[in-house]
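Since the structure comes first, as structure tokens, the remarks are kept for the end.
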Amino acid sequence: MAMAGLYRRVLPSPPAIDFASSEGKQLFIEAIQSGTMEGFYKLISYFQTQSEPAYCGLASLSMVLNALAIDPGRKWKGPWRWFDESMLDCCEPLEKVKAKGISFGKVVCLAHCAGAAVKAFRTNQSTLDDFRKYVTACTTSDDCHVISSYHRGTFKQVHMFCGHNSRSFVHLVLLKRKGGQILYGRSHLYFVVYKQWTVALRANVRDCGLTGTGHFSPIGGYHAGRDMVLILDVARFKYPPHWVPLTLLWEAMNTTDAASGRHRGYSFSMVSLMNCIFLYELHANIQASESTSIAIYFGMIPVSCKHESWVSIANYLVDDVPVLLSSKDVKGMHDVLSIVFTSLPSKFEEFIKWVAEVRRGEDGGQGLSLEEKERLSVKEEVLKQVQEIGLYKHVTGFLSSGKSCCQTILPSGSGDNLPDIAASICCQGAELLAGNSVSSNGFCCREMCMKCLNSNGDRPVTVVSGMVSNSNGEERVDVLVPSSPKKLSCCHSGKVSCTVHPASNDVLTALLLALPWETWSGIKEEKLLQEIRSLVSTENLPTLLQEEILHLRSQLLIMKRCKDNKVEEDLGAPQF
């Protein structure tokens, strides 16, 4: 009885060697002994089958992102935050990917947006020796993984199927039964190898089609002695993991993708930038993740190409600001800041914020864990470093002047009032603890208090504690506030040192530092140009602040790249 559909494929061998075969196992053992299977263990822990025939790129990327332990910043199912193909919809609509697949450039764009540190190369921008070098580097490390974009035809893994009503189908079946092998097809013309002859056969594309041409899969390991790579094929319904010669994989990558008209290639993703501790974030919001205690930590959201308002703001900062500066008669720093901040697009106050850390209030708990102290210490050091640079003083002076229009540019919806900010954060945190969305509509904060924790002789830590409630009950949520000593005289009693939390002036200072170097090149006054270049230079910044600023700049330029539709042209991380 005939059954509809296809059940797997026989792996063409040679050139491939089945991972589970005796030879494949021996290659695996030898590669382990040589130290070139280090990345395999994390990848295999998150190995998945693509959920749609055209989702190979999405499946490969989600597998790598999970292996790198990148937090996606949004829920997958239930309370769990986890990368899945369905969540990789930033750079290309899922329906389009489902129908037509995805290009190499769009997969790289998705990796950038997800927060991975990515380097990518098309084969016409690289060499075989370069590829071997990167494969060796990544397979000897467990925090670097390679994704290859290649054409299956090089491995004899392209097949044609035809409807039974097609006259050509009969001829293909006869040729296959006699040992013929279908190589590839273009338009209506397909080529079949039969004995020593290559037969050209016309078939109606409405009745016939190819299964498997362009493909993505991660590289799970490398055998240096045989110069072979292990492909962890995400189309597991078709082929098992298999070893192939590295030179042959290069040949398979060194082909042109008909959809984009560009060469295929390879990318390698390293430990996530999202694993770093940052004080500022573009389009930052509150995120929660359960730890072994009952603490809830709030962190960062990756940039997204599909948020039109954020992309428009990025476009304003990168494209419009340089034009405005070059078209105005700018005489001093106050003029520069006025031009940059006066014409800000709507919703800018939601574009960049400082990142809060929140935990569930513990009855009688007065101290901070070692991890909490470390994270808070890093953020406080960044805050201190921002407030010590010259640009911060100019921004603070501008915001204090009567002509600053500061009411339109405060990065927090509640201005710089810490209790108001903390009340909003506590409500959002409680909502997330309840397993709901980031909206805080279901909770209200009926009680707020500010306190300083000073355990074990450490410097006091500012904690804003709020009692939040909804129809189901109430609970206490604490906001751990990064702060730095205030140098100005304090209006309160002298018993407790005054501190300042992140506010508009330091957030906007960080954003100005993150603007590309060429932003200021249109300023005509040479003395002013030299002054501002000195103020915004990242070269002499302390290491922590420099990393913070370059992270923001990278986010900004990735969004700009999306706006300009240049994801196919610019594969690498933004260059500074």
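Positions are given from 1 along the sequence.
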query: Do the charged groups of Arg152 and Asp233 touch, with an N to O distance under 4.0 Å?
result: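 Asp233 and Arg152: salt-bridged.
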
- prompt: Going by the angle between their ring planes, with limits at 30° and 60°, are Phe19 and Phe28 parallel, tilted or perpendicular?
  reply: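 Answer is perpendicular, since the angle exceeds 60°.
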
task: Determine the interplanar angle of the Tyr134 and Tyr266 rings, folded into 0 to 90°, and report it as parallel if under 30°, tilted if 30 to 60°, perpendicular if over 60°.
output: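 Rings of Tyr134 and Tyr266: tilted, 30 to 60°.
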
field: Heavy-atom side-chain proximity of Met63 to Leu43 below 4.5 angstrom
entry: yes

message: In the structure I gave you, are the side-chain heavy atoms of Leu65 and Tyr46 within less than 4.5 Å of one another anywhere?
response: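 No, side chains not in contact.
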
Taking all non-hydrogen atoms of both residues, which atom of [X] and which atom of [Y] are closest, and how far apart?
X: Pro15; Y: Pro245; result: O-CD, 3.8 Å
X: Leu249; Y: Ser148; result: CD1-OG, 3.5 Å
X: Met37; Y: Tyr41; result: O-CE1, 3.4 Å

Pairs meeting criterion salt bridge (Lys or Arg N to Asp or Glu O under 4.0 Å) with involvement of residues 34-49, two or more places apart: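 Sorted result for residues 34-49: Lys42-Asp142.
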
Test salt bridge (Lys or Arg N to Asp or Glu O under 4.0 Å) applied to [X] - qualifying residues, sequence neighbours left out:
X: Lys96; result: Glu92
X: Asp130; result: none
X: Glu251; result: none

task: Before giving the answer on side chain to side chain contact (heavy atoms under 4.5 Å, CB included), spell out for Asn254 and His263 the whole-Å C-alpha distance, their side-chain angles and the decisive distance to 0.1 Å.
output: CA-CA 6 Å; Asn254 196 24; His263 282 72; 3.4 Å; yes

query: Per the side-chain hydrogen bond (donor to acceptor under 3.5 Å, both in side chains) rule, which among Thr139, Asp227, Thr136 passes with Tyr222?
result: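 Result: among Thr139, Asp227, Thr136, Asp227 is the only option passing the side-chain hydrogen bond (donor to acceptor under 3.5 Å, both in side chains) with Tyr222.
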
message: Any donor-acceptor pair under 3.5 Å linking the side-chain atoms of Asp84 with those of Ser86?
response: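 A pair is found: one side chain offers a donor N or O, the other an acceptor, under 3.5 Å apart.
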
- prompt: Is the backbone of Phe216 close enough, under 3.5 Å, to the side chain of Ser60 for a donor and an acceptor to pair up by distance?
  reply: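 A pair under 3.5 Å: yes.
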
Any donor-acceptor pair under 3.5 Å from Ser141 side chain to Cys138 backbone: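 Pair absent, no side-chain N/O of Ser141 close to backbone of Cys138.
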
query: Roughly how far, to the nearest 0.5 Å, is CG of Leu94 from CG of Leu58?
result: 6.5 Å

field: Test ring pair (Phe, Tyr, Trp, His ring centres under 6.0 Å) applied to His215 - qualifying residues, sequence neighbours left out
entry: Tyr150

field: By disulfide bond (SG atoms under 2.5 Å apart) - contacts of Cys56 (at least two apart)
entry: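 Applying disulfide bond (SG atoms under 2.5 Å apart) to Cys56 gives none.
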
